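Structure first, commentary second.
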Amino acid sequence: MREIQTTADLIRASGGDPLIVWAAQGFGPGVRAWYDGDAVAVASPDLSKRDRLAVSGSAEPAARLAAGVLAEVGPSFRPFGSEELLRELADRVPGMQFAAAFGWMETVQTPDVTTTAAWLDGDAGVEDLLTEASPSSYAWPGRGGVRRWAAVSGDGGELLSIAADAWSAPEVGFLAGVATRPVARGKGLSRQVCGFVTAELIKRHGRAALMVDGDNAAAIGLYLKLGYTYHRVAAAFV
């Protein structure tokens, strides 16, 4: 396997795969990448709550590459990529086990949404809303990589629906931390705040992406309406 040193070389090696490019985080602190044939692997520490190893390419070179990279960076890095590839890797890489399938969604299309959402000046009230509405969220105020929050607010200024710009890469903005107070659900507020953040991410990065549970039909439907496309991905562990 050979190490990749720059984003330009990573884009060439991966064919511009948005998931791979996102995982590299502009080659931020601790990020490393390699290739072997048409396979590419990016080891990215503390990315969306975990040490992640994004992998793409054909099964045989990807398995060889994943095994070599894991031997170098250690088992804390959790492989992820297309579901089809991850199932192959779980069969081919000693000690690797398939963990879970979910969705990667992305868009370059600016959504047409009328919204009152805006970026917050700070994160006051965000933790309380997440605690009430989405305690399992990966994005929280103060967590590394979580940059800023947007919200639709009520007449009294209380936060009703939120979303974060979190773990965005220079080439791929990332939407996370979506939550709406139970009393405010069913009013289209998630569409407003997600539409706003998506448009802002595309303006800044050229592309927006997110990850979603594969069984969350309501969320997937919302993102599809905002112009996202759905791709089946999965994670494994060693």
Side-chain angles (χ1 to χ4, degrees), residues 1-4 10 13-15 17-25 27-106 134-140 143-146 166-167 169 172 174-178 209-217 219-220 223 228-238:
M1 65 187 191
R2 300 185 65 178
E3 192 155 359
I4 297 170
L10 179 68
S14 67
D17 185 329
L19 188 150
I20 292 292
V21 175
W22 170 73
Q25 295 284 289
F27 279 86
V31 174
R32 298 177 67 189
W34 300 261
Y35 73 94
D36 181 343
D38 73 346
V40 177
V42 177
S44 191
D46 195 22
L47 175 62
S48 186
K49 198 180 176 181
R50 302 188 186 282
D51 294 340
R52 297 186 183 271
L53 180 66
V55 186
S56 69
S58 302
E60 183 177 344
R64 186 169 60 238
L65 181 60
V69 170
L70 286 166
E72 182 157 341
V73 302
S76 70
F77 285 83
R78 299 190 61 167
F80 82 115
S82 76
E83 182 179 355
E84 180 180 6
L85 177 60
L86 263 291
R87 291 191 182 279
E88 288 277 2
L89 296 186
D91 288 339
R92 293 168 180 257
V93 178
M96 187 181 295
Q97 297 183 47
F98 188 89
F102 49 100
W104 164 272
M105 300 186 74
E106 61 184 73
S134 185
S136 62
S137 173
Y138 279 19
W140 284 80
R143 182 163 287 171
V146 180
W167 306 292
V172 184
F174 201 72
L175 171 69
V178 178
L210 57 90
M211 287 190 279
V212 63
D213 289 337
D215 60 358
N216 192 340
I220 292 169
Y223 301 135
Y228 286 83
T229 55
Y230 184 90
H231 306 275
R232 294 180 63 86
V233 296
F237 63 91
V238 179

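Predicted model, so just to flag it, every value in this text is computed and none were measured.
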For Arg92 and Ala63, indicate whether the former's side chain and the latter's backbone hold a donor-acceptor pair under 3.5 Å.
-> no

Partner set under ring-ring contact (aromatic ring centres under 6.0 Å, His included) for Phe77, not counting sequence neighbours | none

Separation of Leu210 CG from Trp104 CH2 (nearest 0.5 Å) | 8.0 Å

Listed by chain and number, what are the salt bridge (charged side-chain N to carboxylate O under 4.0 Å, His left out) partners of Arg2, not counting sequence neighbours?
-> none

Any residue meeting side-chain hydrogen bond (donor to acceptor under 3.5 Å, both in side chains) with Arg78, in chain and number order, not counting sequence neighbours = none

Nearest non-hydrogen partners of Ala54 and Leu19, listed with the distance | CB-CD2, 3.8 Å

Any chance you could lay out the side-chain contact (heavy atoms from CB on, under 4.5 Å) test for Val212 and Tyr228, step after step, and finish with the verdict?
-> CA-CA 12 Å; Val212 63; Tyr228 286 83; over 6 Å; no

Check ring-ring contact (aromatic ring centres under 6.0 Å, His included) between Phe80 and all other residues, then give those that pass, not counting sequence neighbours.
-> none

Mind checking the CD-OH spacing from Glu106 to Tyr223? Nearest 0.5 Å is all I need.
-> 15.0 Å

Can you name the residues that form a salt bridge (charged side-chain N to carboxylate O under 4.0 Å, His left out) with Arg32, not counting sequence neighbours?
-> Glu3, Glu72

Between Ala166 and Phe174, the two heavy atoms sitting closest are O-CB, 3.0 Å

Search all heavy atoms of Trp140 against all heavy atoms of Ser134 and return the closest pair with its distance.
-> CZ2-O, 4.1 Å

On a heavy-atom basis, the closest approach of Met96 and Ala66 is CE-CB, 4.4 Å

Show me, pair by pair, the donor-acceptor contacts under 3.5 angstrom made by side chains of residues 231-238, not counting sequence neighbours?
| residue | atom | partner | partner atom | Å |
| --- | --- | --- | --- | --- |
| His231 | NE2 | Thr229 | OG1 | 3.3 |
| Arg232 | NE | Glu83 | OE1 | 2.7 |
| Arg232 | NH2 | Glu83 | OE1 | 2.7 |
| Arg232 | NH2 | Glu83 | OE2 | 3.4 |

Side chain to side chain contact (heavy atoms under 4.5 Å, CB included) against Ala33, all qualifying residues, sequence neighbours excluded | Ile4, Leu10, Phe27, Val42

Atom pair CZ (Arg50) and OG (Ser44), whose distance is rounded to the nearest 0.5 Å = 14.0 Å

Test salt bridge (charged side-chain N to carboxylate O under 4.0 Å, His left out) applied to Glu84 - qualifying residues, sequence neighbours left out | none

By side-chain hydrogen bond (donor to acceptor under 3.5 Å, both in side chains) - contacts of Asp51 (at least two apart) | Ser76

Could you tell me which non-hydrogen atom of Val73 sits nearest to which non-hydrogen atom of Ala43, and how far apart they are?
-> CG1-CB, 4.2 Å

In Å and rounded to the nearest 0.5 Å, what is the CG to CD1 distance from Asp215 to Ile220?
-> 7.5 Å

Can you list the steps and then say if Trp167 with Val146 is a side-chain contact (heavy atoms from CB on, under 4.5 Å)?
-> CA-CA 6 Å; Trp167 306 292; Val146 180; 4.0 Å; yes

Please walk me through it: do Met1 and Val69 pass side-chain contact (heavy atoms from CB on, under 4.5 Å)?
-> CA-CA 8 Å; Met1 65 187 191; Val69 170; 3.8 Å; yes

d(Leu70 CG, Leu65 CG) to nearest 0.5 Å is 9.0 Å

Give the table of side-chain donor-acceptor pairs shorter than 3.5 Å for residues 55-62, with sequence neighbours excluded, one pair per line with atom names and distance.
| residue | atom | partner | partner atom | Å |
| --- | --- | --- | --- | --- |
| Ser58 | OG | Asp38 | OD1 | 3.4 |
| Ser58 | OG | Asp38 | OD2 | 2.6 |

Those residues that, when tested against Ala67, pass side chain to side chain contact (heavy atoms under 4.5 Å, CB included) (two or more places apart) | Val93

Can you list every side-chain hydrogen bond (donor to acceptor under 3.5 Å, both in side chains) pair that touches residues 62-71, not counting sequence neighbours?
-> Asp36-Arg64

Taking every non-hydrogen atom, the tightest pair across Pro29 and Pro45 = O-CG, 3.8 Å

